[in-house]
Amino acid sequence: MATLFGVALLGNGVSMLVSPEAWYVAVPGVTTTGPFNQHFLRDIGLIFLFLGGAFLLGAARPDLRVTFWAAPTLWLSGHALFHFWEVAVGICSSAVIPRDFPAVTLPAIIGSS
């Protein structure tokens, strides 16, 4: 599971780096969060490369798994909590929660497992 998760995170990061505009248009809800910003998407793409690499390293090195998985899990959890905060303070409607679940909340849950 961790290997698949790592590959998916790496794939997302590569997509954001190689084709940020296509990523921006393809991911549901992203276009409603603000205008296209190539620099920002590539910055976040680098983060996703780190996240995927950390999960793959943890899968390959069980003795260091906690170390390799701690930072990416904290980032994924913070990202998910930020999305919930946006709903709580009225920046987004509650309709975004199920839309964001597969790409935002579920990765945080997987990382925590």
Side-chain angles (χ1 to χ4, degrees):
M1 179 70 160
T3 301
L4 290 174
F5 190 45
V7 169
L9 292 168
L10 273 175
N12 186 57
V14 168
S15 176
M16 292 174 85
L17 289 168
V18 172
S19 189
E21 192 164 10
W23 184 94
Y24 174 80
V25 173
V27 177
V30 172
T31 58
T32 65
T33 64
F36 173 73
N37 182 327
Q38 178 175 276
H39 177 91
F40 178 73
L41 288 177
R42 287 195 165 131
D43 280 349
I44 302 302
L46 290 170
I47 291 170
F48 274 93
L49 289 180
F50 164 75
L51 300 174
F55 276 98
L56 290 174
L57 285 169
R61 293 286 310 267
D63 57 318
L64 298 173
R65 186 167 288 158
V66 171
T67 302
F68 282 127
W69 291 356
T73 297
L74 285 171
W75 189 89
L76 291 166
S77 298
H79 181 221
L81 289 171
F82 178 69
H83 278 246
F84 283 107
W85 175 82
E86 287 184 316
V87 172
V89 298
I91 294 171
C92 299
S93 77
S94 60
V96 303
I97 293 173
R99 179 200 71 198
D100 290 350
F101 182 82
V104 177
T105 308
L106 184 59
I109 292 169
I110 291 170
S112 299
S113 299

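Every value quoted in this text rests on a predicted model; they were computed, and no experiment measured them.
Atom CG of residue Leu106 and atom CG of residue Leu76 lie 10.5 Å apart, to the nearest 0.5 angstrom. Here the CD atom belonging to Gln38 is positioned 10.5 Å from the CG atom belonging to Leu17, to the nearest 0.5 angstrom.
The two residues Ala2 and Ala59 come nearest to each other via the heavy atoms CB-CB, 4.1 Å. Scanning both residues, Pro72 and Phe55, for their nearest heavy atoms gives CB-CE1, 3.6 Å. Contact record, Met16 with Arg42: O-CG, 3.7 Å, taken as the closest heavy-atom pair. Across all their heavy atoms, Leu56 and Thr3 have their closest contact at CD2-O, 3.5 Å. Residues Ile110 and Met1 share a closest heavy-atom pair of CD1-CE, 4.1 Å. Minimum interatomic distance between Phe50 and Ala71 (heavy atoms only, all atoms of both residues): CZ-CB, 4.1 Å.
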TODO: Just do the side-chain contact (heavy atoms from CB on, under 4.5 Å) check on Val96 and Val87 with the steps written out, would you?
DONE: CA-CA 8 Å; Val96 303; Val87 172; 3.6 Å; yes

- Task: Check the pair Asn12, Trp23 against side-chain contact (heavy atoms from CB on, under 4.5 Å), reporting the backbone distance first and the verdict last.
- Result: CA-CA 9 Å; Asn12 186 57; Trp23 184 94; 2.7 Å; yes

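No side-chain donor-acceptor contact under 3.5 Å links Ser77 to the backbone of Leu74. Side-chain atoms of Thr33 come within 3.5 Å of backbone atoms of Val30 as a donor-acceptor pair (strictly under, hydrogens ignored).
Applying the salt bridge (charged side-chain N to carboxylate O under 4.0 Å, His left out) rule to pairs touching residues 43-69 yields Arg61-Asp63, sequence neighbours excluded. Applying the side-chain hydrogen bond (donor to acceptor under 3.5 Å, both in side chains) definition to pairs two or more places apart or across chains, those involving residues 89-113 are His83-Asp100.
Linking ILVMFWY residues whenever their side-chain heavy atoms come closer than 4.5 Å, directly or via other members, places Val25 and Ile44 in the same cluster. Note: the hydrophobic cluster containing Leu49 does not contain Val27 (ILVMFWY, side chain heavy atoms under 4.5 Å, direct or indirect links). In this structure, Phe40 is a member of the same hydrophobic cluster as Leu9, with clusters built from ILVMFWY side-chain heavy atoms closer than 4.5 Å. Cluster membership check: Leu10 shares its hydrophobic cluster with Val7, using side-chain heavy-atom separations under 4.5 Å among Ile, Leu, Val, Met, Phe, Trp and Tyr. At a threshold of 4.5 Å between side-chain heavy atoms, the hydrophobic network of Ile, Leu, Val, Met, Phe, Trp and Tyr places Leu46 and Val18 in one connected group.
Dense packing is recorded around CZ of Phe36, with more than 12 heavy atoms of other residues, nucleotides or ligands lying under 6.0 Å away.
Phe82 and Trp75 have their aromatic ring centers separated by at least 6.0 angstrom.
In this structure the side chain of Val104 never reaches within 4.5 angstrom of the side chain of Phe84, judged on heavy atoms.
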